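Because the structure is predicted, anything quoted here is derived from the model rather than measured.
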Amino acid sequence: MTMDATTNTYHLLDACALLPAELELLQRGEHVAWIYGHVKDDTARFAGPVLACADKQVDAIVERLMADDASQWALTSLISHASFSDLVRHMSSLRYLRAPDGQKFYLRFADSRCLASLWQVLTERQRLRLLGPIATWRYTNRRGLNESLDVRLGEMQREFSHVGGDLRLNDQQFDELLHLSWPDQLLLAVGDQAPELLLQRPSWQRHAIAKRVCDWLRQTHETRYPVQLAMAKSMLKSSAPDWGDSTWLKRLGDAHEQSVTQHEATT
């Protein structure tokens, strides 16, 4: 643990991005907590957020994740006055996100892409609930720049003890979160079918392209998943960073026409 007179620094890792040897190492660690540790299925249990105090072995994992923009999303750092055990209790209380109908979803707050999207839709009080005893929650954005989430410490000290329960979104928040998360979900699907398309561009550029596609799909009400996926593949192959809006509109229209033709030919 890195510490000065008043604060501690902890690392929050997304186990999905860790190597088997790293998972095994963390399972033997002394100051390591698996936030989904209550799950009976070991595969799921060791696939979620992992909170760890900084030490030589953890620092080596951090260094590897930070060295590649394809894995930087799996690391965030928490600055807090709280002890390790107190922070584990807080992070465990954030396991679930509730939809407007009450349905519970696992909250993947160790994934900085999910974290950044969620932060955009939360109210001030919900942000306070998310941070709890965390003074600053740091992560690296898609362009490799440092970002942080925080609230005024005085406000946090006054309010935190009165804020609890699962984070619950209203209809507008939930819809906006789904829209913000859509580009990453689309890229994940592309990676499953054509991983080579994700190796040709930096992370921020892949996301920018996927966002253009998703915005167009939303505006045109195109709901056919095979068409959506084919369009994403097409634009990842052919788009250029310097395209203007008019060029994007034309190329997206062309990609849609081709993707529809392809889809109809196979159904």
Can you list the residues that meet the salt bridge (charged side-chain N to carboxylate O under 4.0 Å, His left out) rule with Asp69, with sequence neighbours excluded?
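Result, salt bridge (charged side-chain N to carboxylate O under 4.0 Å, His left out) vs Asp69: none returned.
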
Could you work out, with salt bridge (charged side-chain N to carboxylate O under 4.0 Å, His left out) as the rule, every residue matching Arg64, not counting sequence neighbours?
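Arg64: salt bridge (charged side-chain N to carboxylate O under 4.0 Å, His left out) contacts with Glu22.
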
List the atom of [X], the atom of [Y], and the distance in Å for their closest heavy-atom pair.
X      : Y      : result
Leu180 : Ser117 : CD1-O, 3.6 Å
Pro241 : Gln205 : CG-NE2, 3.5 Å
Asn141 : Gln72  : O-OE1, 4.3 Å
Val32  : Ala52  : CG2-CB, 4.2 Å

Check side-chain contact (heavy atoms from CB on, under 4.5 Å) between [X] and all other residues, then give those that pass, not counting sequence neighbours.
X      : answer
Leu198 : Leu187, Val190, Arg206, Leu236
Gln126 : Leu122, Thr123, Leu167, Leu169, Gln173
Leu178 : Phe174
Lys237 : Leu197

Does the side chain of Leu26 reach to within under 4.5 Å of the side chain of Ile61, using non-hydrogen atoms?
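Result yes, sub-4.5 Å side-chain heavy-atom pair found.
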
Could you tell me if the side chain of Leu87 sits less than 4.5 Å from the side chain of Tyr10, heavy atoms only?
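Contact flag for Tyr10/Leu87 side chains = yes.
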
In terms of side-chain heavy atoms, does Ser239 have a donor or acceptor partner in Arg212 at a distance below 3.5 Å?
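No.
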
Any side-chain donor-acceptor pair under 3.5 Å between Asp68 and Ser71?
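On atom types as modelled, these side chains do not qualify, holding no pair under 3.5 Å.
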
Are any side-chain N or O atoms of [X] and backbone N or O atoms of [Y], one a donor and one an acceptor, separated by less than 3.5 Å?
X      : Y      : answer
Ser238 : Ser234 : yes
Arg168 : Pro100 : yes
Thr7   : His81  : no

What pairs meet the salt bridge (charged side-chain N to carboxylate O under 4.0 Å, His left out) rule with one or both residues in residues 135-145, with sequence neighbours excluded?
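Found Arg142-Asp184.
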
What pairs of residues pass the salt bridge (charged side-chain N to carboxylate O under 4.0 Å, His left out) test when at least one of them lies in residues 90-102, not counting sequence neighbours?
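Found Arg98-Asp166.
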
Atom CD of residue position Gln200 - does it have more than 12 heavy atoms of other residues, nucleotides or ligands inside 6.0 Å?
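Atom CD in Gln200 is crowded, with more than 12 foreign heavy atoms closer than 6.0 Å.
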
Gln172 atom CD: more than 12 heavy-atom contacts under 6.0 Å
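No, the 6.0 Å shell around CD holds no more than 12 heavy atoms from other groups.
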
Does the ring centre of Tyr106 sit less than 6.0 Å away from the ring centre of Tyr36?
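Centroid separation for Tyr36 and Tyr106: below 6.0 Å.
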
Would you mind listing every ring-ring contact (aromatic ring centres under 6.0 Å, His included) that reaches into [range], with sequence neighbours excluded?
range            : answer
residues 177-213 : none
residues 224-243 : Trp243-Trp248
residues 118-142 : none

Name the residue from Leu51, Leu78, Asp59, Thr76 that meets the side chain to side chain contact (heavy atoms under 4.5 Å, CB included) definition with His11.
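Single pass found, and it is Asp59.
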
Pairs involving residues 255-267, ordered by first then second residue, that meet side chain to side chain donor-acceptor pair (under 3.5 Å) (sequence neighbours left out)
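Listed by first then second residue: Glu222-His256.
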
Examine Phe84 and Ile134 and state if one hydrophobic cluster contains both, with Ile, Leu, Val, Met, Phe, Trp and Tyr joined whenever side-chain heavy atoms are less than 4.5 Å apart.
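Looking at the clustering, Ile134 is in the same group as Phe84.
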
